[in-house]
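First listed ligand is number 1; within each ligand, the first listed atom is number 1. For the numbers below, each heavy atom of this structure counts, side chains included, while hydrogens, waters and symmetry mates do not.
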Amino acid sequence: MTFELPALSYSHSALAERGMSQETLELHHDKHHLAYVTALNGFVEGNAALQGKTLEEIIALSYGDDALAGVFNQAGQHWNHIHFWNALSPNGGGIPGTLEAKLVESFGSVEGFKAAFKTAATTQFGSGWAWLIQKADGSLGVTKTPNGVNPLATGEGTALLGLDVWEHSYYVDFRNRRPDYVSNFLDTLANYEFAEGNLA
Ligand code: MN3
């Protein structure tokens, strides 16, 4: 199986007015994400045990295996970025009713959710991700993961909404101001319909 870079469902300039520039999407999607896909395909080509496996299967079998750490990094980042492009929207920021009720139930309020997510995203030291997840008991939670790790790999829960906090995701538009990038995501870029659609 050869993995491919999925096309964005919006134009590279579609998010510019909402704080994610065409330059960022050209670099982040066309260069960074493509590099993960290319590297992953290289690993698969050189390792018969990975051939014919789905992306999720490769993530599961490589996570926590030191000998497959390179494979995991590329596979995790491919999965994370597929998720991330769907987590952004040119019409983002609005929270549909079913998700809003779940957020209030788990965090006390939408603001409580945003505060928890922002804390996770800004305290992830170095590269990584912040996630809104649904746990096994159905409740929602917020977590953060380093590098290419995700809640699918750790088994913490189902990823509803993930935010890339690697510097390449915000340095063009926000320079070193990660907190502003996170707030902008939560308020104007996040595709909460996608998050709601990921609920069990
Ligand atoms: Mn990235």
Can you list every salt bridge (Lys or Arg N to Asp or Glu O under 4.0 Å) pair that touches residues 12-34, not counting sequence neighbours? none
List in chain and number order the residues that pass ring pair (Phe, Tyr, Trp, His ring centres under 6.0 Å) with Phe43, two or more places apart in sequence or in another chain; answer none if no residue qualifies. none
Would you say the ring centroid of Phe84 lies under 6.0 angstrom from that of Trp129? yes
Test of understanding: with side chain to side chain donor-acceptor pair (under 3.5 Å), list the residues that count as partners of Glu56, not counting sequence neighbours. Trp79
Is there a side-chain contact between Ile95 and Glu196 (heavy atoms, below 4.5 Å)? no
If you count every protein N, O or S atom closer than 2.8 Å to the Mn ion (ligand 1), you should arrive at 4
Centres of the His81 and His32 rings: under 6.0 Å? no
